[in-house]
Amino acid sequence: MKKLLFTLLCFTFFLSASAHNEPKVGDILTVKTPSAEGFNHIDFPKANTLIKRGVVTGYKSVDNKTVVIDKVDTKDNGSTTVIIKKKDGSKFFGLLNKVKADYAKAIETGELVIIK
């Protein structure tokens, strides 16, 4: 009986831990600028495009900005794509209202950080 109870308790714990990693509409995240050239898993415009449009600061304007998940799209192969927008309602770089991101890869590389 103790083994059965312990097994059920462990199963419940692992199930709740795995469900916590799933993105939901309204989750709040923070954008962190990677140490590399640009963002690989968030579809921001490339740096040369921003410079042509007159955005001099490059990616510094999105560093440590709070964003909200607006839409979640899970594909058949298991990848999850989210649409994010700024929490304050302003545009990214003065150009884009919403941006697409690969959720799992962006979290893994540190481009997006979950705020609890």
Exercise. For Y103 and I114, which heavy atoms make the closest approach, and how far apart are they?
Worked result: OH-CD1, 3.5 Å

Quick one: does [X]'s side chain have a donor or acceptor within less than 3.5 Å of a partner on [Y]'s backbone?
X: E111; Y: F39; result: no
X: D63; Y: T33; result: yes
X: T109; Y: K105; result: yes

For this session: Decide whether I107 and V31 are clustered together by the hydrophobic rule: side chain heavy atoms of Ile, Leu, Val, Met, Phe, Trp, Tyr closer than 4.5 Å, transitively.
Result: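 Yes: a chain of side-chain contacts under 4.5 Å links I107 to V31.
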
Problem set entry | Transitive ILVMFWY side-chain link I115 to I84, under 4.5 Å |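 In one cluster: no.
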
If you measure from [atom1] on [X] to [atom2] on [Y], what distance do you get to the nearest 0.5 Å?
X: K98; Y: K71; atom1: NZ; atom2: NZ; answer: 8.5 Å
X: L96; Y: K91; atom1: CG; atom2: NZ; answer: 8.5 Å
X: L112; Y: T30; atom1: CG; atom2: OG1; answer: 8.5 Å
X: K75; Y: D102; atom1: NZ; atom2: CG; answer: 9.0 Å
X: T49; Y: F93; atom1: OG1; atom2: CZ; answer: 10.5 Å

Exercise. Which is it for T66 and I28 under the side chain to side chain contact (heavy atoms under 4.5 Å, CB included) test, yes or no, and what are the steps along the way?
Worked result: CA-CA 7 Å; T66 305; I28 300 174; 3.3 Å; yes

Exercise. Which of these, V25, T81, I83, sits in a side chain to side chain contact (heavy atoms under 4.5 Å, CB included) with V72?
Worked result: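 Of the listed options, the one satisfying the test is V25.
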
Exercise. Among V67, I42, D70, V82, which one satisfies side chain to side chain contact (heavy atoms under 4.5 Å, CB included) with V99?
Worked result: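 Going through the options one by one, the only one that passes is I42.
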
For this session: Give a yes or no on this: more than 12 heavy atoms of other residues, nucleotides or ligands lie within 6.0 Å of atom NZ of K85.
Result: no

Exercise. Would one find more than 12 heavy atoms of other residues, nucleotides or ligands at under 6.0 Å from atom CG of D76?
Worked result: no

For this session: For residues L50 and Y59, determine if any side-chain heavy atom of one lies less than 4.5 Å from a side-chain heavy atom of the other.
Result: yes

